[in-house]
Every structure is written in structure tokens, then in C-alpha cells.
Amino acid sequence: MDTNMVGWFEIPVVDMDRAVAFYNEVFKIEVQVQDFGGTLMGWFPFEEGKPGAPGSLVKNQAYEPSDKKGSLVYFNSEDVNNELNRAEGAGGQVVQPKTQISPDIGYMGIFIDSEGNRIALHSRV
């Protein structure tokens with residue numbers, strides 16, 4: 001295979017405005033929203049040539065947020081405490097504080113976003 005395995009991810013939302021405000025605050029980014037025939041998609045910043053997969057928030061009746069079922073998306077971080085410390089103030093809930101995976105792999109943490117999704121973070125420090 002000539003590419004990384006993950007090519008795209010989508011995070012279900014109930015309220016796009018609330019979700020965009022949450023992710024903008026937690027990650028200090030600007031999510032861009034577009035309407036595709038009734039499906040709202042909030043695009044996370046992405047640059048070609050950099051590691052990592054692109055993805056978006058998605059509001060559509062076929063998508064349902066979940067805090068226990070389904071896949072777990074990991075966002076890269078310089079230090080997971082940065083985002084964990086902002087998650088609760090932005091309307092989320094920290095469910096696993098910064099935890100060392102191993103000295104070689106680094107650290108992880110998990111929060112529930114404003115929509116009820118379980119989201120993970122990873123950093124080397």
C-alpha cells in the first residue's frame with residue numbers, strides 16, 4: 001500500500017454550531033462548515049503533505065454520536081493536557097486524564113465532546 005491506512009474520518013454531531021464552537025475552543029482552530037444538500041460538514045484544518053488524516057464533523061439524521069460504541073478517533077497533540085484542560089470549559093467532560101501508554105509511545109487522554117462522542121488525544125510528552 002502506498003498510503004497510510006486511514007484516509008478520512010467523520011464525527012457525528014447533533015448541533016453543528018455547538019460542536020464547531022466546542023472544537024474551535026478545545027483545539028484553538030477554525031472549523032469550516034459547508035452544506036452538502038442537507039448534510040452539514042464541519043471540516044477540520046488539513047494540509048497536504050503533513051502526517052495525519054483529514055476529517056470533519058457531520059450533521060445528518062443517519063449519524064448518531066456515541067460515547068461507548070464504535071471507533072475511537074485520536075487527535076494528535078503537543079501535550080494532551082492542553083486540550084483536556086479546555087474540554088470541560090467548552091462543554092465536554094474528561095473521562096480519562098493524561099495517561100502514559102509507554103515511554104516509547106507517549107501519552108493519551110479521552111474526553112466526551114459537546115455532542116456525546118468519545119474522543120481521544122495522543123502526544124509524545
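Residue numbers start at 1 and run along the sequence shown. Values below: every heavy atom of this structure, side chains too, minus hydrogens, waters and symmetry copies.
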Would [X] and [Y] show up in the same hydrophobic cluster when neighbours are defined by side-chain heavy atoms closer than 4.5 Å?
X    : Y   : answer
V20  : V73 : yes
I112 : L84 : no
L40  : F9  : yes
V26  : V95 : no
V94  : Y23 : yes

Shortest non-hydrogen separation from [X] to [Y] and the atoms involved:
X   : Y   : value
V13 : A19 : CG1-CB, 3.5 Å
Q96 : T99 : NE2-OG1, 3.2 Å
I29 : P45 : CD1-CD, 3.8 Å

One should read off an interatomic distance between D17 CG and S114 OG, to the nearest 0.5 angstrom, of 10.5 Å
Less than 4.5 Å apart, side chain to side chain, heavy atoms only: is that true for [X] and [Y]?
X   : Y    : answer
D79 : Y107 : no
K28 : R86  : yes
M16 : V33  : yes

N/O donor to acceptor pairs below 3.5 angstrom from side-chain atoms of residues 115-125, sequence neighbours left out:
from: E115; atom 1: OE1; to: V14; atom 2: N; distance (Å): 2.8
from: E115; atom 1: OE1; to: D15; atom 2: N; distance (Å): 2.8
from: E115; atom 1: OE1; to: R18; atom 2: NH2; distance (Å): 3.0
from: E115; atom 1: OE2; to: R18; atom 2: NE; distance (Å): 2.7
from: E115; atom 1: OE2; to: R18; atom 2: NH2; distance (Å): 3.4
from: N117; atom 1: OD1; to: S66; atom 2: N; distance (Å): 3.2
from: N117; atom 1: ND2; to: P12; atom 2: O; distance (Å): 2.7
from: N117; atom 1: ND2; to: D113; atom 2: OD2; distance (Å): 3.2
from: H122; atom 1: NE2; to: I105; atom 2: O; distance (Å): 2.8
from: S123; atom 1: OG; to: V80; atom 2: N; distance (Å): 3.3
from: S123; atom 1: OG; to: V125; atom 2: O; distance (Å): 2.6
from: R124; atom 1: NH1; to: D104; atom 2: O; distance (Å): 2.8
from: R124; atom 1: NH1; to: I105; atom 2: O; distance (Å): 3.2

Within a reach of under 6.0 Å around CD of E30, are more than 12 heavy atoms found that belong to other residues, nucleotides or ligands?
no
Strictly under 6.0 Å, is that where the ring centroids of F111 and F75 end up?
no
Please name all residues satisfying salt bridge (charged side-chain N to carboxylate O under 4.0 Å, His left out) with D67, sequence neighbours left out, ordered by chain then number.
none
Can you list, pair by pair, the side-chain donor-acceptor contacts under 3.5 Å of residues 46-64, counting residues two or more places apart and other chains?
from: N60; atom 1: OD1; to: A62; atom 2: N; distance (Å): 2.8
from: N60; atom 1: ND2; to: T39; atom 2: OG1; distance (Å): 2.6
from: Y63; atom 1: OH; to: E10; atom 2: OE1; distance (Å): 2.5

So V31 and F44, side-chain contact (heavy atoms from CB on, under 4.5 Å) or not? Walk me through it.
CA-CA 5 Å; V31 172; F44 290 105; 4.2 Å; yes
Should Q34 and F36 be marked as a side-chain contact (heavy atoms from CB on, under 4.5 Å) after you check the CA-CA gap, both sets of side-chain angles, and the distance that decides it?
CA-CA 6 Å; Q34 292 183 321; F36 290 93; 3.2 Å; yes
